[in-house]
Amino acid sequence: MTQNKVTVLVPGRIHPRVISRLQEQFDVVTVADQKGDLALDDATREKVRGVALSGKLQAEWVEKLPNLQIISNFGVGYDGVDTKQAAARGIIVTHTPNVLNDEVADTAIGLLLNTIRRLPVAEDWLRSGRWAAEGPFALSPLSLKGRSVGILGLGRIGLEIAQRLEPFKVKIGYHTRTQRSDVSYTYFSSLKAMAEEVDTLISIIPGTAETHKIINAEILSALGPNGVFINVGRGTSVDEATLEAALRNGTIAAAGLDVFYTEPTKAGGFLDLDNISMLPHVASASVPTRNAMADLVVDNLIGWFDDKKVLTPVPETPVKA
Ligand code: NAP
Ligand code: 8YV
């Protein structure tokens with residue numbers, strides 16, 4: 001039986017399909033901003049039993065929701081949720097794995113090609129009339145051909161990226177904390193060892209305390225002057241000032257970023273560089289994939305409030321699927 005009167009809080013923006021589907025079954029309470037104080041009166045705070053979240057949920061807000069049972073996160077990465085705090089309170093946290101693997105992996109390959117072959121800049125050459133006025137676009141200094149690619153994070157999405165890279169005839173290696181027994185790609189037990197060996201580094205790891213700024217001066221130097229760095233994981237994994245310097249002084253050749261340390265960003269430090277390709281965090285951003293993510297956010301909430309079962313809990317959560 002669906003409990004229509006369960007109150008679900010939506011802090012800040014979320015995919016509209018989440019809101020419309022939630023409204024069919026729950027009392028939906030929204031607050032405009034995820035920053036500052038939680039702008040809810042005491043009676044409403046006490047009613048909230050679920051949160052549907054895209055972005056960050058402040059730990060202080062969770063403290064102010066005494067009857068919260070579940071946080072349903074829009075996105076596979078749940079770095080906006082304090083899972084230790086949630087687990088200590090017995091609050092379930094769910095996320096949206098797998099439904100976005102193909103989209104994100106496809107985008108990673110697109111960003112890799114855009115970065116190496118400068119295709120967005122070439123398109124702009126045509127659109128701005130410069131092809132007709134000035135002649136052919138400059139040859140790209142870099143090529144994907146013959147490259148050796150190291151994937152940082154060979155999880156659900158990393159594996160899809162690796163499989164997409166196979167027809168490109170590049171060498172493929174990876175670094176994770178635990179070696180996988182089901183793949184034949186070259187395993188590197190440290191990021192540094194991988195960066196020394198490869199010339200192309202693709203990051204698809206979660207944003208955690210352990211991965212904070214692990215793409216640093218040492219790693220970029222190890223990648224070297226022919227090096228290409230692609231990030232579709234989390235911007236917090238990168239020391240952006242160091243990356244900017246590395247792109248300016250030729251420590252590495254080029255970078256492609258879908259994610260940034262702070263989002264949204266104007267990416268000011270990178271804007272004048274011609275050896276970077278940037279996207280505004282769109283790796284999963286197609287209508288079908290975002291709809292599937294939205295459905296999973298809502299279905300986890302329905303599952304919990306109907307049957308005390310969730311479809312896709314995060315590993316740190318106190319219940320299993
Ligand atoms: P996943 O299946 O959990 O894979 C994560 C991978 O990272 C695993 O191979 C894991 O292996 C590795 N890893 C974790 N911590 C590590 C560390 N400290 N050092 C080295 N490797 C580490 O997750 P997923 O579904 O593939 O998603 C990965 C991440 O991509 C998400 O968390 C999210 O932040 C990001 N993402 C971004 C977008 C976008 O729009 N740009 C879209 C989707 C996802 P070990 O545990 O063995 O280390
Ligand atoms: C989403 C993502 O863009 O799933 C993730 O971890 O980064 C993306 O798919 C994001 O979560 C939506 O805010």
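Whatever order the structure lists ligands and atoms in, that order sets their numbers, starting from 1.
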Parallel, tilted or perpendicular, as decided by the 30° and 60° cut-offs, for the rings of H15 and F74: tilted
Ring center gap for Y174 and Y187 short of 6.0 angstrom: yes
Residue, atom name and distance, where the atom is the protein heavy atom closest to atom 2 (C) of ligand 2: H281 NE2, 3.6 Å
T176 OG1 to I204 CD1 distance, which is reported to the nearest 0.5 Å: 13.5 Å
V76, any N or O under 3.5 Å of ligand 2 N or O: yes
Inter-residue atom distance Q179.CD - Y185.OH, 0.5 Å rounding: 14.0 Å
Heavy-atom donor-acceptor pair, H175 side chain to L152 backbone, under 3.5 Å: no
Side chain to side chain, E160 and E103, heavy atoms closer than 4.5 Å: no
Expected output: side-chain D37 to main-chain A39 donor-acceptor under 3.5 Å: no
For G77, atoms of ligand 2 separated by under 4.0 Å from a heavy atom: 4 (O), 5 (C), 6 (O)
Closest protein heavy atom to atom 47 (O) of ligand 1, given as residue, atom name and distance to 0.1 Å: T178 N, 3.0 Å
Protein heavy-atom partner closest to atom 1 (P) of ligand 1 - residue, atom, separation in Å: R156 NH2, 3.5 Å
Verdict with reasoning, D79 to K56, per salt bridge (charged side-chain N to carboxylate O under 4.0 Å, His left out): CA-CA 8 Å; D79 39 306; K56 182 164 175 61; over 6 Å; no
Contacting atoms of ligand 1, where contact means under 4.0 angstrom from a heavy atom of T211: 17 (C), 18 (N)
Gap between atom CG of D82 and atom CG of L57 - 0.5 Å precision: 9.5 Å
Salt bridge (charged side-chain N to carboxylate O under 4.0 Å, His left out) between K64 and E60, intermediate numbers included: CA-CA 7 Å; K64 289 178 179 160; E60 295 75 26; over 6 Å; no
Enumerated ligand 2 atoms positioned under 4.0 Å from heavy atoms of R290: 1 (C), 3 (O)
Protein heavy-atom partner closest to atom 13 (O) of ligand 2 - residue, atom, separation in Å: S54 OG, 3.2 Å
Any donor-acceptor N/O pair, Q69 side chain to I91 backbone, under 3.5 Å: no
Criterion side chain to side chain contact (heavy atoms under 4.5 Å, CB included) on T200 and N226, from CA distance to verdict: CA-CA 8 Å; T200 307; N226 189 35; over 6 Å; no
G233 touching ligand 1 at heavy-atom level, < 4.0 angstrom: yes
Check against side-chain hydrogen bond (donor to acceptor under 3.5 Å, both in side chains), T265 and T262: CA-CA 6 Å; T265 179; T262 304; over 6 Å; no
Sub-3.5 Å N/O-N/O distance, S284 and ligand 2: yes
Ligand 2 atoms in contact with L100 (distance to a heavy atom under 4.0 Å): 4 (O), 9 (O)
Greater than 12 external heavy atoms within 6.0 Å of L271's CG: yes
Audit row: D124, R127, salt bridge (charged side-chain N to carboxylate O under 4.0 Å, His left out) steps and yes/no: CA-CA 5 Å; D124 190 54; R127 285 178 180 272; over 6 Å; no
Which residue and heavy atom of the protein sit nearest atom 16 (C) of ligand 1, plus the separation: R177 NE, 3.5 Å
S237 side-chain N/O to K213 backbone N/O, donor-acceptor pair under 3.5 Å: no
Geometric N/O contact F74 with ligand 2, under 3.5 angstrom: yes
Proximal candidate to atom 5 (C) of ligand 1 [heavy atom criterion; set G235, S237, P206]: P206
Distance filter under 4.0 Å to H281 heavy atoms, resulting ligand 1 atoms: 39 (C), 40 (O), 41 (N)
Those atoms of ligand 1 less than 4.0 Å from some heavy atom in H175: 20 (C)
Under 3.5 Å donor-acceptor, N216 side chain and I219 backbone: yes
Step-by-step salt bridge (charged side-chain N to carboxylate O under 4.0 Å, His left out) determination, R17 to D295: CA-CA 8 Å; R17 186 180 177 102; D295 283 341; 2.9 Å; yes
Atoms in ligand 2 flagged as close to R234, the criterion being non-hydrogen separation under 4.0 Å: 2 (C), 5 (C), 6 (O), 7 (O)
Nearest protein heavy atom with distance in Å, relative to atom 44 (C) of ligand 1: V76 CG1, 3.2 Å
For atom 30 (O) of ligand 1, the protein heavy atom that lies nearest, with its residue and separation: I204 CD1, 3.2 Å
Among T176, I157, I214, V282, closest by any non-hydrogen atom to atom 10 (C) of ligand 1: T176
Those atoms of ligand 1 less than 4.0 Å from some heavy atom in V259: 41 (N)
Where ligand 2 meets M293 - atom numbers and elements under 4.0 angstrom, heavy-atom basis: 9 (O)
Atom 33 (C) of ligand 1: nearest protein contact (heavy atom, Å): R234 NH1, 3.7 Å
Shortest protein heavy-atom distance from atom 42 (C) of ligand 1, along with the residue and atom involved: V104 CG2, 3.4 Å
Nearest-neighbour protein heavy atom for atom 13 (N) of ligand 1, which is reported as residue plus atom name and distance: I205 CG2, 3.7 Å
Test of proximity, G75 against ligand 2: N or O pairs below 3.5 Å: no
The one among A285, G155, G153 that brings a heavy atom closest to atom 4 (O) of ligand 1: G155
Any H95 heavy atom less than 4.0 Å to ligand 2: no
Geometric N/O contact V232 with ligand 1, under 3.5 angstrom: yes
Ligand 1 N/O within reach of L154 N/O, cut-off under 3.5 Å: yes
Min N/O separation N101 to ligand 1 under 3.5 Å: no
